[in-house]
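Here is the structure we will look at.
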Amino acid sequence: MSVKQIIKKCEQLYNDIDLFYVQEWKEKHKSRAIGFMPVYVPRELIHAAGMLPVGIMGAGDLLEIIKGDAYFQSYICHIPRSTIELGISNRLDCLDGMLFPAICDVIRNLSGMFKLMFKDMYVKYIDFPQNFLKTLGGNFYQHELRTMSDDFSQINNVDVNRDDLNRSIKLYNENRAVIKELYDLRSQNPHLVPGSELYLLMRASNVLEITEYTALLREYISETVCEKRPQRDNIRVVVTGVFCEQPPLALIRALENSGCFIVDDDWMLGARFILGDVALSNDPINALADAYLNHTVCTASKYDQDGNKGAFLIEQVKKAKAEGVIFAAPSFCDPALLERPMQQKALNRENIPYTSFKYSENTGQFQVIKEQTGTFADSIKLWGDS
Amino acid sequence: MEVRKEKSMTLQKDMFANHFKRLSRAGEEGRKVVYTFVPGNLNELIRSFDMLPVHPEINALQSAMRKKSANYIREAEKHGHSEDVCTYVKCDVGMMKTGNIGPTGEKLPDPDLLLLSYTGCFTFMKWFEILRQEYNNPPTVMLQVPYQSDGKITPEMTNYVADQLRDVVVPAMEKVSGTEFDAEKLRTFLASSARAEDDLVAILASAKNKPSPIDAYFGGVYYIGPIFTAFRGFDSCEEYYRVLRAEIEERVNNGQGPITPEGQMSEEKYRLVVEGPPNWTSFREFWKMFYDESAVIVASSYTKVGGIYDNGFRHDPARPFESLADYCLGCYTNLNLPSRIDLLEKYIKDYDADGFLINSIKSCNSFSAGQLLILRELEDRTGKAGGFIESDLVDPRYFSPANIKNRLESYFQMIDAKRRTVRNA
């Protein structure tokens, strides 16, 4: 496929809020599908049980909220209302379960709402460890993982063994390696991997079966390096704060059009949450737990045990040779907005410029944001170090 | 109406005044100070090391009652804190940025230890990350309390919390305090806690009487003060609850209603269950909207944020760490939504309420997300009238008295209409 065809396919998947792909996959494989909310879930467990993991990132700007608003006050973020709307409009009927990772109180309480509203669905809240000692948080998390794995086996009537888990772990390791390759390519040659294309590719991870997805990414990489695209005089920025409620695609395009190359980001973070490979071992559950405890990104929903707030972001900036940071947070997003002043303080110490705005997944007007980030880009070009 | 000052009120006032005095002298007296939160607080453990607790939420709500929170919040927003987030956090940050003067006008000491009891509220974690940065990395210890997502406390949950207490929290406290852990001292405190808890349960259950001798929300927030904060485990706490219980039992015997800021209520027209925290910036004005209509709150979820005791739980000296763990796990906001609904339904029935009201707090997603579903479910299950009002904890910009009063008036009319329907049926 050409780059254009690959992106077209990804955009179709992005627009597929009825989950037709999932329905077809289930029909074809005579199997089941488990949905999950942002940020991270151990998809390996779902895959090992022969099921399809399906990321549900709300409905973005693709769905008019008719009933979902009746479940949430105006001061709650947007993703739970569009997720409820997807549920009550039967668009999630093809899912046999939903996972709600511990990320904030809204997603936490949404898990209880799903228990009440969708009684036939398997609903699991995943409490990730905030204590990172193997003997404490590690043991607790291993128990969570084993419980989930047993549940998945039961849901799909299969016995999951060590080899099944290791096979899945290997596939997801390969996938993360290719994603890293893609991100590295984008960082080195941002004009070859526009942010909007990378975003659509990452969104495809929500539904595509993992081998198909990895192959698609490889194909994109090999095709896009051959593309002739114009070099632009853009500044290099890291976008952060978008790990849960996703920005509308048009917002990402608006950022790029305002003169920014996005050279790193935290959208669709779950697919990049584990850094490096999960070990293939005799105890794959232990390996998954160990990877979570010791080799994961720093993000707002995870406790900063070292008290070194902002260090990970600064590292991202330096590694990607970014000239500034764009803090984009969904309105009323506690994790992102509470994290922001701490990170800004850290950036101040390093003299890294930044700008901030809020959005909602269904934001439709980008002119103000575009002017803001355009001005930010101009100021860096005019007065920045480079 | 005649305004009465009960003995328990004086006792509580003195307890808090002395505590803040001790805090102000902590530096000169060499006492170590632990910042921690109300839900899942480990008062007995902290005090067993002879350390003093500071509860930032209490400072925030006290600042609001003294009309200081607006300036503190503005100060925090000036430093980049979003208008969208928890105002307790911003009030605390603003207070710290302007000299950390506590509610009694005395300066609060800096933390020697941040004890992040991560119980039922995601924001707690961010809050202490912020304080940790602001105070230049004081010793910080995280106690993760798993969420009761399936409506029960499993042995793995209890063990996880108890193991963290033994292996992480106690060593951190030993290091900061320079004192060796004294298991016997902890047991003594826990035994005292259990006795005070018995009295608290009787006090809150007294609202089953008609008329109710207490307001279990506006009055209730005072009743929970000592046991939810710095005093659980102490003789003074036991004494407070003994005295309070006796006063309330006397009111029951005399057929008296609750005491309000304007004296004793003479009529009980509406019995309500309330979900959600109160507004603190206009606390008295808010309360008045109820007692002016002869509405009494007979049970509330807010008086369970620092521990649920009416289900039988007591701190237990025989299993100190496990019972501290179960206490943390059992706090109200650590319950999943179905369990919260079950509990509220039980209160509506057990306390023979005419209806239930949700005070939805802009700042508090832990409480607020899902409350509209709670409202629907409770209406379906009980057939009682549900009401919904919105305000904030400590940000006066989000307290709109005319709006709330209008809604309450309509709500009371709804209850009247329901009563008429039942009578005519």
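Computed from a prediction, not measured in an experiment: that's the story for all the values here. Only heavy atoms go into these numbers, but all of them, side chains included; no hydrogens, no water, no symmetry mates. Below, chains carry the letters A, B, ... as their sequence lines are ordered, and counting in each starts from 1.
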### Query
Is there a side-chain contact (heavy atoms from CB on, under 4.5 Å) between R376(B) and Y71(A) once you walk through the steps?
CA-CA 10 Å; R376(B) 286 168 190 224; Y71(A) 288 87; 3.0 Å; yes
### Query
Looking at V85(B), L143(B), T140(B), N336(B), which makes the most heavy-atom pairs under 4.5 Å with chain A?
V85(B)
### Message
How long is the straight-line distance from CG of L116(B) back to CD of Q305(A), given to the nearest 0.5 Å?
### Response
12.5 Å
### Task
Measure C364(B) against the heavy atoms of chain A and call it side chain, backbone, both or neither at under 4.5 Å.
neither
### Task
Please state whether the side chain, the backbone, both or neither of E390(B) comes within less than 4.5 Å of a heavy atom of chain A.
side chain
### Summary
Applying a strict 4.5 Å limit to non-hydrogen atoms, the region of L133(A) in contact with chain B is side chain
### Message
So does T123(B) get a backbone contact from the side chain of D334(A), meaning a donor-acceptor N/O pair under 3.5 Å?
### Response
no
### Message
Can you tell whether the side chains of K358(A) and E83(B) come within less than 4.0 Å, N to carboxylate O?
### Response
yes
### Query
Do you know the tightest heavy-atom contact between P338(B) and L116(A)?
CG-CG, 3.9 Å
### Residue D163(B) versus chain A: region with a heavy atom under 4.5 Å
both
### Task
Check whether any side-chain heavy atom of K126(B) lies under 4.5 Å from a side-chain heavy atom of M342(A), and answer yes or no.
yes
### Message
Quick one: does any side-chain atom of N109(A) pair with a main-chain N or O of S366(B) as donor and acceptor, under 3.5 Å?
### Response
yes
#### Entry: Donor-acceptor contact below 3.5 Å, side chain E129(B) vs main chain D304(A)
yes
### Query
Side-chain contact, heavy-atom cut-off 4.5 Å: L136(A) with Q144(B)?
no
### Atom group of I374(B) that falls short of 4.5 Å from chain A, counting heavy atoms
neither
### Summary
Taken to the nearest 0.5 Å, the spacing of D127(A) CG from E156(B) CD works out to 13.0 Å
### Message
For F132(A), which atoms come within 4.5 Å of any heavy atom of chain B: side chain, backbone, both, or neither?
### Response
neither
### Task
For Q133(B) and K345(A), indicate whether the former's side chain and the latter's backbone hold a donor-acceptor pair under 3.5 Å.
no
### Value rounded to 0.5 Å, distance of CZ in F124(B) from CG in D105(A)
9.0 Å
### Task
Can you measure from CG (L373(B)) to CD1 (I84(A)) and round to the nearest 0.5 angstrom?
7.5 Å
### Query
Quick one: does N139(A)'s side chain have a donor or acceptor within less than 3.5 Å of a partner on Y160(B)'s backbone?
no
### Query
What part of N365(B) gets closer than 4.5 Å to chain A, counting heavy atoms only: side chain, backbone, both or neither?
both
### Message
I'd like to know which of N131(A), I76(A), N308(A) tops the heavy-atom pair count under 4.5 Å against chain B.
### Response
N131(A)
### Message
With rounding to the nearest 0.5 angstrom, report the OH to CD distance, Y125(A) to Q148(B).
### Response
12.5 Å
### Message
For Y75(A) and S363(B), which I'm curious about, is there any donor-acceptor pair between the side chains at under 3.5 Å?
### Response
no
### Query
Based on non-hydrogen pairs under 4.5 Å, which of P80(A), A70(A), S111(A) is most in contact with chain B?
A70(A)
### Task
Sort L335(B) into side chain, backbone, both or neither according to what part of it lies under 4.5 angstrom from a heavy atom of chain A.
neither
### Query
Who among C77(A), S74(A), G307(A) has the most heavy-atom pairs with chain B under 4.5 Å?
G307(A)
### Query
Any donor-acceptor pair under 3.5 Å linking the side chain of R108(A) with the backbone of F122(B)?
no
#### Entry: Residue part contacting chain B, namely of A300(A), when any heavy atom lies under 4.5 Å
both
### Task
Identify the heavy atoms of L337(A) and S82(B) that sit nearest to each other, and give their distance.
CD1-OG, 3.7 Å
### Task
Please name the pair of heavy atoms, one in Q73(A) and one in Q371(B), separated by the smallest distance, quoted to 0.1 Å.
NE2-OE1, 3.4 Å
## Note on the structure
Taken to the nearest 0.5 Å, the spacing of N159(B) CG from F140(A) CZ works out to 11.0 Å
### Task
Go through the atoms of Y118(B) and report whether side chain, backbone, both or neither lie under 4.5 Å from a heavy atom of chain A.
side chain
### Task
Could you tell me whether Q154(A) atom CD has more than 12 heavy atoms of other residues or ligands within 6.0 Å of it?
no
